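Report on the structure given below.
In this text the structure is predicted, and so the values were computed from the model without any measurement. Just so it is clear: chains get the letters A, B, ... in the order the sequence lines come, proteins before strands, and each one is counted from 1.
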Amino acid sequence: MDTIKTRFAPSPTGWLHVGGARTALFNYLLAKLTGGTFLLRIEDTDRARHDESAVEKIIEDLRWLGIEWDEGVEVGGDNGPYRQSERLEIYTEHIGRLLDAGLAYYAFETPEELDAMRTAARAEKRNFRYPRPDPLPTAADADKARAEDKPVVVRFKIPKRDVTIRDEVFGEVTVAAAEQDDFIIAKDDGWPTYHLANVVDDALMGVNFVCRGQEFLSQTWRHVLLREAFGFAEPKYAHLPLIMDMAGRKLSKRDGAVEVHAFRTAGYLPEVLVNFIALLGWNPGGNIEQLTMDGLRDMFSVDRIGKANAKFDREKLLAFNTDAAAAADENRLLAGFRDYLSLNETPIPGDDDSLLLHLLRINKGFRTFADIPAKCGVLFAADDAYDYDEKAVKKVLAKGDGSGYAMLEHLKAKLADCEWTEDAIQALVEGVCAEKSVGMGKVAQPIRVAVTGTTVSPAIYDTLMILGREKTLARIDRCLLMR
RNA sequence: GAUCCCAUCGUCUAGCCUGGUCCAGGACACCGGGUUUUCAUCCCGGCAACACGGGUUCAAAUCCCGUUGGGAUCACCA
């Protein structure tokens with residue numbers, strides 16, 4: 001076949017959803033597989049739900065993920081405009097063509113009337129199918145209806161025959177003629193419905209491979225029929241199994257972040273998210289799991305897309321991120337960390353690369369970037385602005401006869417005239433261990449609790465080095481005063 | 001409700017098309033143990049699945065039928 005041209009055609013309603021991200025990714029991969037073209041089109045024909053800022057958000061998210069399009073919004077191309085809101089004349093012309101050819105007709109029911117018809121059908125245990133009037137309303141009827149302030153829509157006149165879709169993933173799927181009805185292609189406000197706009201644009205833009213969520217599979221017959229009516233060539237279809245939450249329900253916001261942007265804000269690496277969503281419904285076979293975008297471009301293939309719905313396992317995503325962060329080089333991590341800090345309010349100064357690099361090094365083993373401020377943020381707070389965790393104080397300092405406090409006093413004196421280098425502090429701490437014949441925990445923990453208020457922080461030498469002598473001593477004093 | 005789709009460890013899945021190499025492999029999670037000054041990391045070990053019922057066959061996770069379960073669609077939303 002010709003080179004593949006795919007598209008991602010989101011409706012701008014908010015940040016990019018992980019499901020949408022996967023659709024975009026697969027389309028991108030499909031195109032790249034054969035040196036084809038990947039196109040980005042915005043489907044904003046619904047003025048009511050339109051959210052202008054969402055276009056920016058989706059673009060930002062796609063770019064963050066590293067999914068670049070060759071044609072479409074912002075990058076341009078020969079088949080624009082790439083926003084459906086700017087293509088009204090094209091749709092109007094196409095709808096007119098069907099009307100003229102007797103392949104579509106006007107209808108005047110109000111939504112309430114349609115609702116009533118559906119309810120009635122249901123009451124009679126009948127499936128509702130829009131009853132095609134005979135004779136069909138004419139243009140004059142439409143004018144009259146408009147004059148009477150009645151809604152005017154255009155419905156497609158289906159040919160009433162079975163439609164078989166050849167899907168690259170699901171195989172042949174047939175929709176019987178009896179299951180179809182004359183669906184709306186132009187709304188009362190003159191704008192086309194999704195089905196019409198989508199089919200017209202795909203054809204005009206040369207899209208020859210349609211890859212999208214499975215929820216569209218049972219509606220694809222409309223597209224097939226529409227294309228036929230216009231004389232457009234059929235594209236290949238590949239429908240993707242759905243992404244569900246851990247309970248097997250449709251992935252929704254209530255069980256956590258579902259937006260790409262939320263994962264970005266939470267401190268995940270984009271290549272990890274890409275790797276993870278690629279594995280939702282697809283896999284390279286064998287035991288390979290960790291894949292870069294380049295690896296995906298090499299290994300992706302339609303025939304390895306599965307049919308069963310996938311569940312979005314956040315735990316596994318976290319594990320992926322942990323592994324990737326451990327394997328990534330420092331520059332990559334630095335860029336990611338800076339991005340994370342720019343999106344979040346933390347006490348960590350985001351403009352000092354050497355500090356950031358240092359934090360990255362001493363926090364090796366972190367799971368997401370969010371772990372770093374969680375563990376080190378307190379080191380950048382004011383000396384009197386952090387809280388002491390009651391349990392930590394009790395366990396490490398106050399327990400028994402207060403030996404923790406005694407240790408702290410002892411350490412404070414030594415720290416006061418210790419040379420402030422990692423080696424010196426280490427020697428000091430180890431010296432105290434030997435002197436008192438106790439383990440590291442007995443020495444390091446009292447300091448940690450004193451200077452951070454918690455039992456958790458980077459290695460004690462690293463912690464004290466970041467703090468510096470002055471702040472360390474000030475914090476120990478504050479802690480001692482609270483005894 | 002109607003129509004269509006799907007079905008391997010708790011989860012993502014490999015294997016299924018081209019039956020035997022699978023008393024089903026990997027990863028995450030979980031459990032146990034170890035390393036580590038704390039947390040995280042890391043290391044070792046373990047638990048755990050072919051939805052059910054019928055066929056076909058010398059042989060079925062793999063092929064066929066049915067049942068059950070889950071999902072999607074039936075909008076002037078996309």
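- Base-pair partner of G10(B): C28(B) (Watson-Crick or G-U wobble, both distances under 3.5 Å).
- Atom P of nucleotide C39(B) and atom NZ of K391(A) are separated by 14 Å, given to the nearest angstrom.
- Taking atom P in both A7(B) and C65(B), the straight-line distance is 14 Å, to the nearest Å.
- Residue E179(A) places its side chain closer to A2(B) than to any other of C77(B), U73(B), A2(B).
- Within the nucleic acid shown, D323(A) comes within 4.0 Å of sugar-phosphate atoms alone, with no base atom in reach, counting heavy atoms only.
- The residue among K442(A) and P111(A) whose nearest nucleotide of RNA chain B lies closer to the 5′ end is K442(A).
- The residue P151(A) sits close to a base: some heavy atom pair falls under 4.0 Å.
- When heavy atoms are screened at a 4.0 angstrom cut-off, F216(A) is found touching base atoms of the nucleic acid.
- For A75(B) and U18(B), the P atoms lie 40 Å apart once the distance is rounded to whole Å.
- Phosphate proximity of G1(B) to R126(A): absent, as no side-chain N or O sits under 4.0 Å from OP1 or OP2.
- Between C16(B) and C5(B), the two P atoms lie 23 Å apart (nearest whole Å).
- The distance from atom CZ of R222(A) to atom P of C76(B) is 9 Å, rounded to the nearest whole Å.
- In this structure, of U3(B), U37(B), A75(B), it is U37(B) that holds the atom nearest to the side chain of Y461(A).
- Considering R212(A), R41(A), K236(A) as possible partners of D202(A), the one that fulfils the salt bridge (Lys or Arg N to Asp or Glu O under 4.0 Å) test is R41(A).
- Across all strands, N127(A) comes closer than 4.0 Å to base atoms (heavy-atom distances).
- Of the residues listed (K157(A), R155(A), R132(A)), the one engaging D182(A) in a salt bridge (Lys or Arg N to Asp or Glu O under 4.0 Å) is R132(A), and it is the only one.
- Between the CD1 atom of I425(A) and the P atom of U37(B) there is a distance of 17 Å, rounded to whole Å.
- L242(A) comes within 4.0 angstrom of the backbone, heavy atoms only, and of no base.
- Side-chain contact, N198(A) with R222(A): no donor N or O sits under 3.5 Å from an acceptor N or O.
- P10(A) comes within 4.0 angstrom of nothing in the nucleic acid, heavy atoms only.
- Under the Watson-Crick or G-U wobble criterion, with both distances below 3.5 Å, A78(B) is left unpaired in every strand shown.
- Counting any heavy atom pair closer than 4.0 Å across all strands shown, H239(A) reaches no nucleic acid atom.
- Contact annotation for R448(A): base contact, defined as any heavy-atom pair under 4.0 Å involving a base atom.
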(request) Using a 4.0 Å cut-off on protein heavy atoms (strictly under), produce a 5'-to-3' string for nucleotides 6-19 of chain B with B for base contact, S for backbone-only sugar-phosphate contact, and - for none. (result) SS---SBSSS----
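- Checked against a 6.0 Å centroid threshold, the rings of Y130(A) and F183(A) do not count as neighbours.
- At a cut-off of 3.5 angstrom, counting only N and O atoms as typed in the model, there is no donor on one side facing an acceptor on the other between the side-chain of Q219(A) and the base of A75(B).
- For N321(A) and R367(A), the side-chain atoms include no donor-acceptor pair closer than 3.5 Å.
- Closest approach of Q84(A) to D44(A), counting heavy atoms only: N-OD1, 3.2 Å.
- Here Q290(A) lies out of heavy-atom contact (under 4.0 Å) with every strand.
- Within the 4.0 angstrom heavy-atom criterion, only backbone atoms of the sugar-phosphate kind lie near E315(A); the bases stay farther away.
- Among the protein residues, T45(A) comes within range of the sugar-phosphate backbone only, with heavy atoms under 4.0 Å from sugar or phosphate atoms but none that close to a base.
- The partner of U3(B) is A72(B), judged by Watson-Crick or G-U wobble contacts that both fall below 3.5 Å.
- Spacing between A49(B) and C22(B) at atom C1', rounded to whole Å, works out to 12 Å.
- Counting non-hydrogen atoms under 4.0 angstrom, R122(A) reaches nothing in the nucleic acid.
- Following rounding to the nearest Å, D462(A) (CG) and U36(B) (C1') show an atom-to-atom distance of 14 Å.
- One atom, CZ of F128(A), and another, C1' of U3(B), lie 16 Å apart when rounded to the nearest Å.
- Using C1' as the reference atom, C12(B) and A48(B) are 15 Å apart when rounded to the nearest Å.
- In this model, the phosphate group of A75(B) is approached by a side-chain N or O of R118(A) to a distance below 4.0 Å at OP1 or OP2.
- Contact annotation for V153(A): base contact, defined as any heavy-atom pair under 4.0 Å involving a base atom.
- Taking the ring axis of F300(A) as reference, the NZ or CZ atom of R304(A) does not stay both within 45° of it and closer than 6.0 Å to the ring centre.
- Defined by atom type and a distance below 3.5 Å, a donor-acceptor pair is missing between the side-chain atoms of S457(A) and T452(A).
- Residue L379(A) contributes atom CG, which lies 17 Å from atom P of C39(B) at whole-angstrom precision.
- Pairing for U67(B) is with A51(B), a Watson-Crick or G-U wobble pair whose two hydrogen-bonding atom distances lie under 3.5 Å.
- With sequence neighbours excluded, the residues forming a side chain to side chain contact (heavy atoms under 4.5 Å, CB included) with K307(A) are V169(A), F170(A), listed by chain and number.
- A donor-acceptor contact closer than 3.5 angstrom links the side chains of E430(A) and Q426(A).
- Residues D201(A) and Y91(A) have side chains that bring a donor and an acceptor to within less than 3.5 angstrom of each other.
- The CZ-P distance, from F366(A) to C42(B), rounds to 12 Å in whole Å.
- At whole-Å resolution of the value, CZ in F320(A) and P in A29(B) are 11 Å apart.
- Residues K375(A) and E215(A) both approach RNA chain B. Their nearest nucleotides, taken by heavy-atom distance, put K375(A) toward the 5′ side.
- Comparing U8(B) with A60(B), their C1' atoms are spaced 14 Å from each other, to the whole Å.
- For the P atom pair drawn from G34(B) and A40(B), the interatomic distance equals 16 Å after rounding to whole Å.
- The same atom, P, is picked in C44(B) and in A27(B); the two are 10 Å apart, to the nearest Å.
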